[in-house]
Amino acid sequence: MKTAPREIATPCPQMSLKVPEGMTSVEFFNSPANLKNLAEENGLFRTPEDLLMYRKLVGHSVEFDTSIILDTSRRILDPLGRPVRRDQMKRQEKKAWSKMTQIICDYMFEQYPDPAEHLILCGEASLDSTWPLNKPGVPSIRMIHNHFMAFPMEVLRNAAEANPSNPNLTDSGHNTLFLRQLSESYRKFLEVLDLQILRLLPAEEAALSLTGYPQGLPCWEVLGGRERLQDQYFWYEYEQVLRGFLDFYQTFFSLVATGEARVPDSANFPHQVDDVLLGNQRFLRVARDLREKVIQDPQFANDIRWRPAYKQILFRDDRGRLVVTISQNSVGNAITELLGIVVRRQVDSDAYAAVEEALVNRLLEARERLRAANLGESLSAPCWPNGAFRPCR
């Protein structure tokens, strides 16, 4: 079978959400009123830290698809004041976040044990709260998410090939910067991280055989597999990867913004930044070229995301290994596209109704494990008023 990105159609119901007159949908999505509605209509579980697990009504997969969001909307009304990256979360929030991730991943591993039958992933998306609301592809809710998904491999194998030039696969062209011009510098910088549980893989080993993705990104194997997700040190190393990414991104775009080759004050690995990045002539040249383009091209300049936003995913590859990778998140494209899967949502209430009960029941089973771990409280919603599915449309 030809290796190529795939495009799948995922059914979803017609949204019944009413946007107030005079507001755009994206403006309303970021309001406390909408987030309250999200919890009431599709909320599954909430922790004391305000981590909210919810059903994604317009989702990526009808096999298994849920998200956890740090819902600070009731405490922090200013969208620019909300945490949008894991390094901005409080210690207890991160601890609960990691525990919930481990429990839901364990459920997916048990439910879908064969990598030949199902692709499973969890993907953490940080959103830059400064993105203009009117930009195409801007995320609808500007808070940190963790997505959990499973896809039947049969569906992916039978799917049409996606256009490799699809803006979501290329991150609207931003991937060119990282994959073609900075890939070597990016990988070399992240190689200096002192990791024991995460082992850097050769680039050709990390890609899925079906799609050929991830492309050009550093990938790490989780030595010890799923059991390592219970190890606190795994989560420390997982965050070290993020901190390395943040140093790379902030150093590069600080150089683009100011023209000055200096170590950012917030650098986590200042010596490595100075030696590996600022001592790299290609890194400096690409930054200078990009700076000139920003000066000359106002449309291109408007697409630059000066604050770092990222997608960090944990997925099971063809061999059954757990693999970690991380990339920039420039235009809010879906987390699945790091793995070469383009999802086209299709409003089809009948098709969604045919799979809804089985999907919701799996989400409720996963939720029960969070409740059993005493992490918070279960939430009722119109489609599961008493902890059991009930058609509500």
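Since the model is a prediction, treat every value here as computed from it, not as a measurement.
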Checklist outcome for this item: Distance col, row R321:CZ vs E205:CD, nearest 0.5 angstrom, shows 5.0 Å
Next on the checklist: What I'd like to find out is whether the side chain of V286 reaches to under 4.5 Å of the side chain of D289, using heavy atoms alone.
Outcome noted: no
Checklist entry - Does R288 come within less than 4.0 Å of E292, counting only side-chain N to carboxylate O? => result no
Checklist outcome for this item: Correct closest heavy-atom pair for P214 and A207 would be O-CB, 3.8 Å
Item to check | N-O pairing of R369 and E365 below 4.0 Å | outcome: no
Next on the checklist: I'd like to know if R157 pairs up with E154 as an ion pair, taking the criterion as any Lys NZ or Arg NE/NH1/NH2 lying under 4.0 Å from an Asp or Glu carboxylate oxygen.
Outcome noted: no
Checklist entry - Between P83 and I144, is any pair of side-chain heavy atoms under 4.5 Å apart? => result no
Checklist entry - Going through the distances and angles, do S254 and R262 end up as a side chain to side chain contact (heavy atoms under 4.5 Å, CB included)? => result CA-CA 8 Å; S254 172; R262 62 180 183 83; 4.3 Å; yes
Next on the checklist: With side chain to side chain contact (heavy atoms under 4.5 Å, CB included) as the criterion, how do E221 and R319 come out once you've worked through the C-alpha distance, each side chain's angles and the decisive distance to 0.1 Å?
Outcome noted: CA-CA 11 Å; E221 177 186 0; R319 304 184 194 180; over 6 Å; no
Checklist entry - In the single-linkage hydrophobic clustering (I, L, V, M, F, W, Y; side-chain heavy atoms under 4.5 Å), do L223 and L229 co-cluster? => result no
Item to check | Donor-acceptor pair, side chain of D65 and main chain of G59, under 3.5 angstrom | outcome: no
Next on the checklist: For a 4.5 angstrom cut-off between non-hydrogen side-chain atoms, does D247 reach P264?
Outcome noted: no
Item to check | Other residues, nucleotides, ligands: >12 heavy atoms within 6.0 Å of Y236 OH | outcome: no
Checklist outcome for this item: When rounded to the nearest 0.5 Å, the distance separating CG of D275 from CG of N280 is 11.5 Å
Next on the checklist: Do S378 and R367 have side chains that approach each other closer than 4.5 Å (heavy atoms only, starting at C-beta)?
Outcome noted: yes
Item to check | R75 atom CZ, over 12 foreign heavy atoms within 6.0 Å | outcome: yes
Item to check | Value rounded to 0.5 Å, distance of CD1 in I326 from CG in L217 | outcome: 9.5 Å
Item to check | Q230 CD: over 12 foreign heavy atoms closer than 6.0 Å | outcome: yes
Item to check | Identified side-chain hydrogen bond (donor to acceptor under 3.5 Å, both in side chains) partner of Y112 from the options E63, H118, R316 | outcome: E63
Checklist entry - According to the interplanar angle, ranging from 0 to 90°, do the rings of Y249 and F245 count as parallel (below 30°), tilted (30 to 60°) or perpendicular (above 60°)? => result tilted
Checklist outcome for this item: Closest non-hydrogen contact found for G244 with L190 is C-CD2, 3.7 Å
Checklist entry - Taking atom CD1 of I103 and atom OG of S98, what is their separation to the nearest 0.5 Å? => result 11.0 Å
Item to check | Aromatic ring pairing W235/Y238, orientation class (parallel under 30°, perpendicular over 60°, tilted between) | outcome: perpendicular
Checklist entry - Which atom pair, heavy atoms only, marks the closest approach of G340 to T211? => result O-CG2, 3.8 Å
Item to check | OG1-CD1 distance between T325 and I313, expressed to the nearest 0.5 angstrom | outcome: 6.5 Å
Next on the checklist: Check this for me: K188, atom NZ, are more than 12 non-hydrogen atoms of other residues, nucleotides or ligands nearer than 6.0 Å?
Outcome noted: no
Item to check | Passing candidate, ring-ring contact (aromatic ring centres under 6.0 Å, His included) with F64, options F109, F151, Y107 | outcome: Y107
Checklist entry - For Q102 and D106, does a side-chain donor sit closer than 3.5 Å to a side-chain acceptor? => result yes
Checklist entry - Taking side chain as C-beta onward, heavy atoms only, is Y213 less than 4.5 Å from L338? => result no
Checklist entry - Checking salt bridge (charged side-chain N to carboxylate O under 4.0 Å, His left out) against E239, which of K95, R86, R91 comes through? => result R86
Checklist outcome for this item: In terms of heavy-atom contacts, V263 and D274 come closest through CG2-CB, 4.0 Å
Item to check | Which atom of V273 lies closest to which atom of F189, heavy atoms considered | outcome: N-CE1, 3.8 Å
Item to check | Donor-acceptor contact below 3.5 Å, side chain Q88 vs main chain V84 | outcome: yes
Checklist entry - Given W384 and N361, is the side chain to side chain contact (heavy atoms under 4.5 Å, CB included) satisfied, shown in steps? => result CA-CA 9 Å; W384 47 90; N361 283 337; over 6 Å; no
Checklist entry - Would Y233 end up clustered with V324 when hydrophobic side chains under 4.5 Å apart are linked, directly or stepwise? => result yes
Next on the checklist: Does this structure show an ion pair linking E237 with R228, if we count only N-O contacts that are shorter than 4.0 Å?
Outcome noted: no
Checklist entry - Side chains of R46 and D71: closer than 4.5 Å at any heavy-atom pair? => result yes
Next on the checklist: Between I68 and I104, is the side chain to side chain contact (heavy atoms under 4.5 Å, CB included) condition met? List the steps.
Outcome noted: CA-CA 10 Å; I68 295 171; I104 297 177; 3.8 Å; yes
Checklist entry - About how many Å separate CG of L201 and CG of D317, when rounded to the nearest 0.5 Å? => result 8.0 Å
Next on the checklist: Between L208 and F315, is there a side-chain heavy-atom distance shorter than 4.5 Å?
Outcome noted: yes
Checklist entry - Is there a ring pair (Phe, Tyr, Trp, His ring centres under 6.0 Å) between F248 and Y310 once you walk through the steps? => result CA-CA 12 Å; F248 183 92; Y310 66 92; over 10 Å; no
Checklist entry - Is it true that V62 and V347 fall in one hydrophobic cluster, defined by side-chain heavy atoms closer than 4.5 Å? => result no
Next on the checklist: Using side-chain heavy atoms (C-beta onward) and a distance below 4.5 Å, is L52 in contact with L38?
Outcome noted: yes
Next on the checklist: Is a donor from one side chain sitting under 3.5 angstrom from an acceptor on the other, for W97 and E124?
Outcome noted: yes
Checklist entry - When clusters are formed by joining ILVMFWY residues with side-chain heavy atoms under 4.5 Å apart, either directly or through shared neighbours, do I76 and L70 land in the same one? => result no
Checklist entry - Does the distance from a Lys or Arg side-chain N to an Asp or Glu carboxylate O, for D297 and K293, drop under 4.0 Å? => result no
Item to check | Polar side chain donor-acceptor pair, Y54 to E41, under 3.5 angstrom | outcome: no
Item to check | Expected output: side-chain R371 to main-chain E377 donor-acceptor under 3.5 Å | outcome: no
Checklist entry - Are E184 and R282 ion-paired here, with the side-chain N under 4.0 Å from a carboxylate O? => result no
Item to check | Atom of S61, atom of T10 and distance for their closest heavy-atom approach | outcome: N-CG2, 4.1 Å
